[in-house]
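What you see is a predicted model, and the numbers here were worked out from it, not measured in a lab. Heavy atoms only: backbone and side chains are in, while hydrogens, waters and symmetry mates are out.
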Amino acid sequence: MAGRLPGAAASSPLPRALLLIAALVLFSISFLSLRSLRPAADPALASAADKYRPLLRLQSSSSVYHSPEAFTAGYADMERSFKVYIYPDGDPKTFYQTPRKLTGKYASEGYFFQNIRESRFRTDDPDQAHLFFVPISPHKMRGKGTSYENMTVIVKDYVEGLINKYPYWNRTLGADHFFVTCHDVGVRAFEGLPFMVKNSIRVVCSPSYNVDFIPHKDIALPQVLQPFALPEGGNDIENRTTLGFWAGHRNSKIRVILARVWENDTELAISNNRISRAIGELVYQKQFYRTKFCICPGGSQVNSARISDSIHYGCVPVILSDYYDLPFNDALDWRKFAVILRERDVYQLKNILKSISQEEFVSLHKSLVQVQKHFVWHSPPVSYDAFHMIMYELWLRHNVIKY
């Protein structure tokens, strides 16, 4: 046929497809050959890197909140409309309504009892309430020398009295009710009310899964030992020359291991007992100012006031626990201002901390300063303090209650 080159009739899609396949094979061989020139990664080193840096990465977002937009919007909604009804029953001079005190390591419980009455969230109209507060204080019972057995009876009688007297519990089987306790006896005090433990919101300082704590229903109350002995630390990185610090009682397995493994280390300041006041004024607190990372292992309970101490004094907390639902975890991204480790990591603790670069430490420290306002109590309460963060957590939970 005119205009066709010789041999064009033999041309077909098949030879072109074979040519394409051959080109792809040649490219793949060349790519694999180039990769083979790289030194092989040492599996042991790779495993070590994953282990020593399991939770810390510089992330594109520098916010200490999981979602700054969601937190800002939710917090504004809470302040605008959230209402809590406090049951009026119970003599304030015994175990009800008012705090035992606002000092010491259980101050968080006392401050909440005080703050809820000082705040705009309280309503005297139960029909306006989103949630109902059961104002019984195990800390006050403990202070009056009440036995564990009698605590259980007192709490059971009080709550059952409220259920029988008012209609509000039965609308949700207690799902829109909450109680607050920081003292570890509070967990035992409610043992006679398994339906309340299951259904109601528990705001507790011991949020360990082995005491029936239910994440996303219950709330971790930060244990804050107030008043603080010294002012806030922060923006003082040049003064922090000690790698890690812990001093305390060996009242848990993880603390015993921590002291045994690292007590004599030259870079970690680890003491198997409290620092004696005899050696100087506020030596324990001042050590926080000089340290980069403060180790926070669980004690007799999973919680520890050492976490809030670390935050207050500007020392990046190292959470050394397997079962701890951290305070304000729904809002705060703890990985931005703390190092979160499993208990088995205690044996590699120094390697883990030394693997954190100066740039990463600076980022953690700066973020820590941003969250300090969330871990302090005031009377009356101020915006974004510990009380308001607890109220925000309660506000989040009221939205999932079905009537």
Side-chain angles (χ1 to χ4, degrees), residues 49 51-66 68 222 224-248 258 262 265-271 275 280-297 304-321 326-329 331-341 345-346 348-376 384-386 389:
K51 184 173 183 179
Y52 296 160
R53 299 162 59 83
L55 299 167
L56 181 62
R57 297 288 185 273
L58 283 177
Q59 302 177 37
S60 57
S61 171
S62 60
S63 175
V64 295
Y65 306 101
H66 294 297
V224 183
L225 202 165
Q226 286 190 220
F228 292 105
L230 294 170
E232 283 184 350
N235 301 315
D236 50 5
I237 291 172
E238 65 281 357
N239 299 329
R240 299 183 179 276
T241 56
T242 301
L243 178 62
F245 166 60
W246 175 79
L258 176 66
W262 298 110
D265 191 85
T266 58
E267 295 178 273
L268 297 177
I270 304 297
S271 172
I275 296 177
E281 184 70 17
L282 300 175
V283 173
Y284 174 78
Q285 290 82 357
K286 291 176 181 177
Q287 183 63 51
F288 283 89
Y289 287 139
R290 297 192 292 268
T291 306
K292 287 184 173 182
F293 300 100
C294 288
I295 319 304
C296 302
S304 171
R306 188 173 284 100
I307 296 175
S308 58
D309 283 345
S310 300
I311 293 171
H312 175 79
Y313 294 118
C315 183
V316 175
V318 178
I319 312 299
L320 195 59
S321 178
L326 292 162
F328 317 139
N329 201 27
L332 297 181
D333 184 353
W334 276 78
R335 299 176 194 278
K336 297 292 180 59
F337 57 90
V339 178
I340 317 295
L341 301 178
D345 294 322
V346 64
Q348 303 295 339
L349 179 61
K350 185 166 75 169
N351 290 332
I352 293 172
L353 298 182
K354 293 186 73 172
S355 75
I356 297 172
S357 70
Q358 181 67 9
E359 181 185 9
E360 290 171 324
F361 168 68
V362 170
S363 177
L364 286 167
H365 180 81
K366 289 182 177 179
S367 296
L368 184 69
V369 173
Q370 294 180 47
V371 303
Q372 286 175 329
K373 61 180 177 287
H374 298 319
F375 291 86
V376 62
Y384 299 103
D385 67 357
M389 293 299 286

Classify the ring geometry of Tyr313 against Phe228: parallel below 30°, tilted from 30° to 60°, perpendicular beyond 60°.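 Ring orientation, 0 to 90° scale: perpendicular.
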How far apart are the closest heavy atoms of [X] and [Y], and which atoms are they?
{"X": "Glu238", "Y": "Thr241", "result": "O-CG2, 4.2 Å"}
{"X": "Lys286", "Y": "Leu230", "result": "CG-CD1, 3.9 Å"}
{"X": "Tyr284", "Y": "Ala247", "result": "CE1-O, 3.7 Å"}
{"X": "Leu243", "Y": "Lys350", "result": "CD2-CG, 3.9 Å"}
{"X": "Thr291", "Y": "Arg240", "result": "O-NH1, 2.8 Å"}
{"X": "Leu282", "Y": "Ala229", "result": "CD2-CB, 3.8 Å"}

Could you work out, with ring pair (Phe, Tyr, Trp, His ring centres under 6.0 Å) as the rule, every residue matching Phe293, not counting sequence neighbours?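 For Phe293, the residues satisfying ring pair (Phe, Tyr, Trp, His ring centres under 6.0 Å) (neighbours in sequence not counted) are Phe361.
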Ring centres under 6.0 angstrom apart (Tyr289, Phe245):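 Ring-ring flag for Tyr289/Phe245: false, centres at least 6.0 Å apart.
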Would you compute the distance between atom [atom1] of [X] and atom [atom2] of [Y] and round it to the nearest 0.5 angstrom?
{"X": "Arg335", "Y": "Leu326", "atom1": "CZ", "atom2": "CG", "answer": "9.5 Å"}
{"X": "Ser271", "Y": "Leu258", "atom1": "OG", "atom2": "CG", "answer": "10.5 Å"}
{"X": "Asp265", "Y": "Leu349", "atom1": "CG", "atom2": "CG", "answer": "9.0 Å"}
{"X": "His365", "Y": "Gln358", "atom1": "NE2", "atom2": "CD", "answer": "10.5 Å"}
{"X": "Ile237", "Y": "Asn235", "atom1": "CD1", "atom2": "CG", "answer": "7.5 Å"}
{"X": "Ser367", "Y": "Trp334", "atom1": "OG", "atom2": "CH2", "answer": "12.5 Å"}

Does some side-chain heavy atom of [Y] sit less than 4.5 Å from a side-chain heavy atom of [X]?
{"X": "Leu368", "Y": "Cys315", "value": "no"}
{"X": "Ser308", "Y": "Pro222", "value": "no"}
{"X": "Ile311", "Y": "His374", "value": "no"}
{"X": "Leu332", "Y": "Phe337", "value": "yes"}

Walk me through it: do Lys336 and His66 pass the test side-chain contact (heavy atoms from CB on, under 4.5 Å)? CA-CA 10 Å; Lys336 297 292 180 59; His66 294 297; over 6 Å; no
Test side-chain hydrogen bond (donor to acceptor under 3.5 Å, both in side chains) applied to Ser310 - qualifying residues, sequence neighbours left out: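 Listed in chain order: nothing, the list is empty.
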Dump the intermediate steps for side-chain contact (heavy atoms from CB on, under 4.5 Å) on Val339 and Leu364, then the final yes or no. CA-CA 9 Å; Val339 178; Leu364 286 167; 4.3 Å; yes
Run the numbers on Leu353 and Ile295 for side-chain contact (heavy atoms from CB on, under 4.5 Å), then give the verdict. CA-CA 10 Å; Leu353 298 182; Ile295 319 304; 4.1 Å; yes
Test your reading of the model: is there a side-chain donor-acceptor pair from Glu232 to the backbone of Lys373, 3.5 Å cut-off?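 No.
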